[in-house]
There are 2 protein chains.
Amino acid sequence: MDARLKRGQKTKRKITETAIALFHERGFNNVTVDEIVTKTNTSKGAFYNHFASKHEVFAEQFKQIDQFYVDHLVPQLDAKKPVMDRLAQFLDLQMTYIQNEIGWDVTRTIYEQELSTERSSYFLNPDRPLYGILLDLCQEGIDNGEFKPGYTAHDIVTVLIHAMRGVLYNWSLNRGKISLKDEQRVLFGVVLEGLFRSEL
Amino acid sequence: MDARLKRGQKTKRKITETAIALFHERGFNNVTVDEIVTKTNTSKGAFYNHFASKHEVFAEQFKQIDQFYVDHLVPQLDAKKPVMDRLAQFLDLQMTYIQNEIGWDVTRTIYEQELSTERSSYFLNPDRPLYGILLDLCQEGIDNGEFKPGYTAHDIVTVLIHAMRGVLYNWSLNRGKISLKDEQRVLFGVVLEGLFRSEL
DNA sequence: ATAATAAAGAGACCGTAGTCTGTAACTAAT
DNA sequence: ATTAGTTACAGACTACGGTCTCTTTATTAT
């Protein structure tokens with residue numbers, strides 16, 4: 001059980017790379033599966049053996065996004081600073097990354113797919129690393145009394161996630177014509193103000 | 001220019017009613033255009049003469065939603081109460097209406113369509129009545145100093161819209177399995193807290 | 001009345017995502 | 001070594017949203 005599997009992985013990688021490149025070049029909706037399989041000298045059979053749908057090619061990118069948060073964003077946060085600052089900084093870094101590295105078309109496609117598919121979505125997966133990151137931060141904030149009382153860590157994460165979704169949805173909808181960073185700053189300015197004790 | 005137009009309107013109405021009923025019954029994705037035109041004894045030609053897409057049958061519902069806000073929700077707001085309270089009440093009424101009368105599948109479909117179509121979307125239309133309602137309320141709140149300083153009415157509306165989108169997107173994504181009212185209350189509790197002066 | 005134009009609709013047709021069946025190459029079991 | 005089973009894949013086929021062309025029926029102009 002090796003030679004076959006190896007060949008499969010190679011095909012999958014070839015398809016993934018070509019597809020992502022094409023999507024990036026001309027947009028998700030302007031690239032057909034037929035085109036992808038032709039260009040990679042494969043077939044529909046090969047494509048749908050490795051992916052459940054055209055959308056799912058993005059699952060790769062998705063894991064990549066969260067991995068980037070864990071590997072490159074979280075380490076940048078200064079553990080000596082208050083949770084409030086770290087949270088603000090994380091959100092800022094996150095949105096900068098999405099705006100510059102992921103782009104609105106990929107984001108739009110992901111948001112669309114999550115709504116359209118019946119299958120288990122990535123957004124709903126409770127083991128998504130992003131949730132862990134936020135939960136840890138929020139728990140720490142609660143423990144040292146930075147937040148207003150009455151919220152559980154889970155409440156706060158829910159609030160943050162909703163806010164993120166709203167900003168990212170809107171940004172995708174506007175096809176990148178508005179500044180993600182600016183929108184993020186305004187909304188999370190308000191949200192964080194509403195969450196934290198304001199004593200200084 | 002009367003008899004033809006009348007016939008056209010009749011056909012359109014017939015298609016709209018049948019389609020909406022079917023969508024409500026079995027979900028948007030499980031109803032085909034062919035089925036709709038068969039059931040209404042019309043044709044693809046008739047359908048696409050009246051609608052630009054299958055999704056667009058919802059445009060009707062959409063206008064209905066905002067009309068409902070204007071006709072039935074806004075009048076319920078007590079002009080003597082502070083803007084803060086009116087805003088909270090409006091959001092509460094709005095989400096109750098959506099949850100009970102519109103439902104998650106229609107909401108999901110609308111949110112999906114807005115992302116997928118190239119055409120001018122309803123969300124991006126600046127003349128949407130909802131924006132007017134919120135803008136008026138926010139301007140009044142600013143004028144009588146209820147809000148924290150530094151925000152324009154437009155800023156605040158943007159924040160509220162983003163928050164709405166986040167909650168509604170998530171609710172659709174969860175296929176109605178979470179309570180829209182509860183989610184709304186938590187998020188807007190925080191947002192309103194962040195927006196208003198807290199002196200009482 | 002007649003010709004010219006336009007709206008509403010019928011239904012064949014097209015493009016594309018996704019399915020299904022078949023096959024060749026490899027692996028495992030006896 | 002032979003058989004049985006499995007994986008990766010090829011490519012015909014299906015389902016469905018959307019387009020295109022053509023016909024019918026009403027409207028307007030002369």
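Lettering follows sequence order; numbering is per chain, from 1. In this text, all values refer to a predicted model and were calculated from it rather than measured experimentally.
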Check your understanding: Counting only heavy atoms not in A:K39, do more than 12 sit closer than 6.0 Å to its NZ atom?
Key -> no
Practice item. Give, ordered by number, those residues of residues 43-50 of chain A having at least one heavy-atom distance below 4.0 Å to an atom of DNA chain C; if nothing qualifies, reply none. Key: A:K44, A:Y48
Exercise for review: State which residues pass salt bridge (Lys or Arg N to Asp or Glu O under 4.0 Å) with B:D105; sequence neighbours excluded, sorted by chain then number.
Suggested key: B:R108
Review point. In whole angstroms, how far is the P atom of D:dT19 from the CZ atom of B:F51?
Key: 15 Å
Exercise for review: Kindly write out the residues that satisfy side-chain hydrogen bond (donor to acceptor under 3.5 Å, both in side chains) with A:Y48, not counting sequence neighbours, or none if the list is empty.
Suggested key: none
Exercise for review: For A:T152, enumerate each residue passing the side-chain hydrogen bond (donor to acceptor under 3.5 Å, both in side chains) test, keeping only those at least two apart in sequence or located in another chain.
Suggested key: A:D155
Practice item. Taking only Lys NZ, Arg NE, NH1 and NH2, and the carboxylate oxygens of Asp or Glu, determine whether A:D78 and A:R86 approach each other closer than 4.0 Å. Key: no
Point to revise | Interatomic distance where CG belongs to B:N29 and P belongs to D:dC16 [whole Å] | key: 11 Å
Practice item. Mind checking B:N41 for me? I need base, sugar-phosphate or nothing, with any heavy atom below 4.0 Å counting as a touch. Key: sugar-phosphate
Exercise for review: Could you tell me the separation between the NZ atom of B:K6 and the P atom of D:dT27, rounded to a whole number of Å?
Suggested key: 11 Å
Review point. B:L5 CG to D:dT28 C1': how many Å, rounded?
Key: 16 Å
Review point. For B:D34, which residues count as a salt bridge (Lys or Arg N to Asp or Glu O under 4.0 Å) partner, sequence neighbours excluded?
Key: B:K44
Review point. Under the side-chain hydrogen bond (donor to acceptor under 3.5 Å, both in side chains) test, which residues partner A:Y131, sequence neighbours left out?
Key: A:R165
Review point. Of all residues at least two apart in sequence or in a different chain, which pass the side-chain hydrogen bond (donor to acceptor under 3.5 Å, both in side chains) check with B:Q9?
Key: none
Point to revise | ring pair (Phe, Tyr, Trp, His ring centres under 6.0 Å) partners of B:F62, counting only residues at least two apart | key: B:Y122, B:F123
**Study point:** Integer-rounded Å distance: C:dT16 P and A:N30 CG
**Key:** 10 Å
**Study point:** Stretch residues 31-40 of chain B: residues that reach within less than 4.0 Å of DNA chain C through a heavy atom
**Key:** none
Review point. What residues, two or more places apart in sequence or in another chain, satisfy ring pair (Phe, Tyr, Trp, His ring centres under 6.0 Å) together with B:H72?
Key: B:F68
Exercise for review: Taking salt bridge (Lys or Arg N to Asp or Glu O under 4.0 Å) as the test, write out the residues that go with B:E17, two or more places apart.
Suggested key: none
Point to revise | Value in whole Å for how far the C1' atom of C:dC26 lies from CZ of A:R4 | key: 5 Å
Point to revise | DNA chain D-proximal residues of residues 8-24 of chain A, any heavy atom under 4.0 Å | key: A:G8, A:T11
